[in-house]
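Everything quoted here is computed from the prediction, not taken from an experiment.
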There are 2 protein chains.
Amino acid sequence: MNQKKILLKDIAKKLNVSTTTVSFVLNGKGKEKKISDEVIKKIEDYVESINFRPNLVAQSLRTGKTKILVFMVEDISNYFFAKIARIIEDIAYSKGYKILFCSNENNDDRSRDLINLFSKLQVDGFIIIPSAGIKKDIENLIKNNIPVVLCDRHFPQLKTSYVVINNYEASKEATTHLINNGFKNIAFITTDVRQIQMLDRLKGYEKAIAEAGLKSTVLQIPFADTNSEKGRDMISCLFTENKELDAVFFSTNYLTQSGLEMIKETNPSLINTLGIITFDDNDLFRIYSPSISAVAQPLHQIGQELMNIMLNLLKDNNTNQLKQVTLKANLIIRNSSLRKN
Amino acid sequence: MNQKKILLKDIAKKLNVSTTTVSFVLNGKGKEKKISDEVIKKIEDYVESINFRPNLVAQSLRTGKTKILVFMVEDISNYFFAKIARIIEDIAYSKGYKILFCSNENNDDRSRDLINLFSKLQVDGFIIIPSAGIKKDIENLIKNNIPVVLCDRHFPQLKTSYVVINNYEASKEATTHLINNGFKNIAFITTDVRQIQMLDRLKGYEKAIAEAGLKSTVLQIPFADTNSEKGRDMISCLFTENKELDAVFFSTNYLTQSGLEMIKETNPSLINTLGIITFDDNDLFRIYSPSISAVAQPLHQIGQELMNIMLNLLKDNNTNQLKQVTLKANLIIRNSSLRKN
DNA sequence: CTGAAAGCGCTAACAC
DNA sequence: GTGTTAGCGCTTTCAG
């Protein structure tokens, strides 16, 4: 019942071979080390029969590898991150890796603590949605030859592998779509986070607006307030103070949620006249009434690319090779962004 | 830059003390072991100055403790599990534990693999949303004196600690609420999973229906089809074949999503006449039109109780003490379940 | 082809 | 009060 007492040594003793032999066989190096087929079979059968699995901690101490990967996100309970997590998880396990998820709240200190902690845990690699100020810490990991892949955003001046999407183009496309559908006063609601993905989305919007000769209206909500009453109030004010607004483009899914909530609470009829588009898709937007048009990030591809890069980094043990992937987001046109009558 | 080369031994050498002394101080046993304040300070200052953190793998091998907890859920990308994960994560880290999340897809083999894997990783404890057939495996963990807390469901014949909610009562209350609002033909849509939480929800519904002298209509969708086209078709059929239905009670959040999607696609006007209530709340239901009434599980309390129990188990190192908690779900009445005109 | 033995870095019993 | 040292369970070099 208590299998934890069985050691590799016990197996060796039981089968009258040395621990070395058992270890080789367990690690699939039997052939390579020219151990007789007979012995290999004997060991494999026995190991199988008692369902032996070596102690991973001891293995890690000896090899320096833990077969653990860290996936650090802003908030693991956010749909976008949770979905990617789920995809990464499957790939990782199929390759013999475990995944430690953690949430950094987009906060530098917390990110640093976590990186520090996991470094001492000797994790094999990091997949990180970085907060704004941890460039140095990422740099350090790479210097120490620990595989790192960034996601969703990156530091332009830092040579790292990353997987991002074409925020600028996608944002421009979405804005243009609104313009083409007859909207003339389009607001852009975003956070005050000065990270590249947000800035690119803003730029894409502004570019499209400028090209159409329209007036841009931007609301930046402090990151801390995005999910609070205060955030909703700010959105609400925007509409009361700018009666001419006929469409809005939200830069992230949680802002859209706040926005929809505000509309429902304070001005329900607005939902039928306002053009709406959001960055990041989710189930809610698909089945909402009206259905909400969205710039959908290719979650599956993102997860797959992240793990691809990570597994290559792990295999080649060459942290300096860079792979930088920019995926295309898909504009999913639903009812909320179509021309209103 | 490369801090990983510094060992506890190096610190001892540098400061002219023994490794024992350093180890004691690092583990906060300085006072207890009567090491002079002066030496303690010297060590602490130095350790601080070079930002030394001991190798956790070596520590784990030696102590048998990894300070890692596993949280195994059906699907980490599901809102319900992701939210609890986020709550647990915070508590765990504040107590010096890390959390490994994993998804078992409510599948026994996968659960077993995962349990096996993590046992060999020597994790300190398991918080598990168990699939139906892993009673034996859970039992084994407990026999091996590994702390286990179950969540969302449990095995009635198995003595384990767990945190669940009052499914039967909550379900009965929700059904009664529909009845009180004039609905006479209420369907119950659930999965074919024969686990206690689902059965209790079904029983609660049937009890309320029976007491009111109404007719029960139950649709059980195979678990594998719940998120697919097939599941939506089954729901759709239910309504075409039972024209008299005037309300529906979904037993989980993902079924509700499928249901809302079906309604939107095939019969949009239904949304305004049908009474709707769902088990499990989420943001979508709050801001949907009409807003969807929900039986909300107290996510925060669940997370907190889980960690409370786990931390106690860990502290007392007594796996046999049981703590079984049943929390109350809250019926949140919104527009979808109110009397229609 | 197989076995002995030296660690991986840390903890803690024991000795002084 | 502080230092010596024997492991925790495994991998892998080197000798035979």
Side-chain angles (χ1 to χ4, degrees), chain A residues 2-44 47 50 52-68 96 119-124, chain B residues 2-44 46-47 50 52-68 96 117 119-124:
Chain A
N2 195 324
Q3 305 159 354
K4 285 171 54 199
K5 288 286 158 59
I6 297 175
L7 306 182
L8 190 145
K9 192 168 57 177
D10 301 328
I11 296 178
K13 202 175 293 171
K14 174 92 181 185
L15 299 181
N16 280 316
V17 295
S18 80
T19 57
T20 316
T21 311
V22 179
S23 175
F24 282 155
V25 172
L26 279 175
N27 292 313
K29 297 186 182 166
K31 288 265 178 275
E32 183 186 325
K33 299 293 180 181
K34 305 201 182 165
I35 292 167
S36 69
D37 287 352
E38 178 191 9
V39 173
I40 291 182
K41 176 128 182 42
K42 182 170 71 174
I43 294 174
E44 281 177 347
V47 160
I50 62 169
F52 173 82
R53 288 282 234 45
N55 179 318
L56 295 176
V57 177
Q59 205 167 308
S60 295
L61 180 60
R62 185 56 234 241
T63 62
K65 300 289 169 206
T66 47
K67 291 282 187 174
I68 294 177
S119 298
K120 294 311 177 179
L121 216 205
Q122 313 264 71
V123 299
D124 292 357
Chain B
N2 195 322
Q3 305 159 357
K4 284 170 56 199
K5 286 287 157 61
I6 296 176
L7 306 182
L8 191 144
K9 195 168 56 177
D10 301 328
I11 295 178
K13 201 176 293 170
K14 174 91 179 183
L15 299 180
N16 280 315
V17 294
S18 80
T19 56
T20 316
T21 310
V22 179
S23 175
F24 281 154
V25 172
L26 279 175
N27 291 312
K29 295 184 184 166
K31 289 264 179 274
E32 184 186 325
K33 299 293 178 180
K34 305 201 184 166
I35 291 168
S36 69
D37 288 352
E38 180 192 7
V39 173
I40 292 181
K41 177 130 180 40
K42 180 170 72 177
I43 293 174
E44 280 176 346
Y46 185 63
V47 160
I50 62 169
F52 172 83
R53 289 282 234 46
N55 179 318
L56 295 176
V57 177
Q59 205 167 311
S60 295
L61 179 59
R62 187 57 235 237
T63 61
K65 301 290 170 203
T66 48
K67 291 284 187 171
I68 295 177
L117 172 65
S119 298
K120 294 311 177 179
L121 216 204
Q122 314 265 68
V123 299
D124 293 356

Sugar-phosphate only, base, or nothing, as touched by D37(B) at under 4.0 Å among non-hydrogen atoms: nothing

V25(B) side chain near V47(B) side chain, heavy-atom distance below 4.5 Å: no

Presence of donor-acceptor pair under 3.5 Å, side chain of T20(A) and base of dA4(C): yes

A58(B) vs S18(B), nearer the 5' end of DNA chain D by closest nucleotide: S18(B)

Integer-rounded Å distance: dG7(C) C1' and L61(B) CG: 12 Å

Residue pair L26(A) / F52(A): nearest heavy atoms and the distance that separates them: CD1-CE2, 3.6 Å

pair L8(B)-I11(B): side-chain heavy atoms closer than 4.5 Å: no

Protein-nucleotide distance (D10(B), atom CG; dC8(C), atom C1'), rounded to Å: 14 Å

Closest non-hydrogen atom pair between S60(A) and K65(A), with its separation: OG-O, 2.9 Å

Those residues that, when tested against R62(A), pass side chain to side chain contact (heavy atoms under 4.5 Å, CB included) (two or more places apart): none

Side chain R62(B) and base dG7(D) donor-acceptor under 3.5 Å: yes

Touch class at under 4.0 angstrom, heavy-atom based, for I35(A) against every strand present: sugar-phosphate

Side chain of T19(B) - closest among dT5(D), dT2(D), dG9(D): dT5(D)

Rounded interatomic separation in angstrom, taking CG from L8(A) and P from dT12(D): 12 Å

Nearest-nucleotide pick for S36(B), side chain only, options being dC10(D), dT2(D), dC10(C): dT2(D)

Side-chain heavy-atom pair L61(B), V57(B) within 4.5 angstrom cut-off: no

Interatomic distance, L7(A) CG vs dG7(D) C1' [rounded to whole Å]: 13 Å

Pairs meeting criterion salt bridge (Lys or Arg N to Asp or Glu O under 4.0 Å) with involvement of residues 12-36 of chain A, two or more places apart: K31(A)-D37(A)

Q122(B) CD - dC8(D) C1' separation (whole Å): 10 Å

Gap between atoms NZ and P, on K33(A) and dT12(D) respectively (whole Å): 8 Å

Sugar-phosphate only, base, or nothing, as touched by V39(A) at under 4.0 Å among non-hydrogen atoms: sugar-phosphate

Atom pair distance, as rounded to whole Å: NZ in K9(B) and P in dG3(D): 16 Å

Residues which pass side-chain hydrogen bond (donor to acceptor under 3.5 Å, both in side chains) with N55(A), listed by chain and number, not counting sequence neighbours: none

Watson-Crick or G-U stems involving DNA chain D, each at least 3 pairs long, distances under 3.5 Å, ordered by first number: C:1-16 with D:1-16

Nearest to side-chain heavy atoms of V17(B), which nucleotide of dG3(D), dG9(C), dT11(C): dG3(D)

Stepwise side chain to side chain donor-acceptor pair (under 3.5 Å) test for S18(B) and T21(B): CA-CA 5 Å; S18(B) 80; T21(B) 310; 3.1 Å; yes

Strand contacts (DNA chain C) in residues 21-32 of chain A, 4.0 angstrom heavy-atom criterion: T21(A)

Partners meeting side chain to side chain contact (heavy atoms under 4.5 Å, CB included) with K42(B) (sequence neighbours left out): L15(B), V17(B)

Nearest-Å distance for atom pair CZ/P, residues F52(B) and dG9(C): 10 Å

side-chain N/O Q59(B) vs dG9(C) OP1/OP2, d < 4.0 Å: no

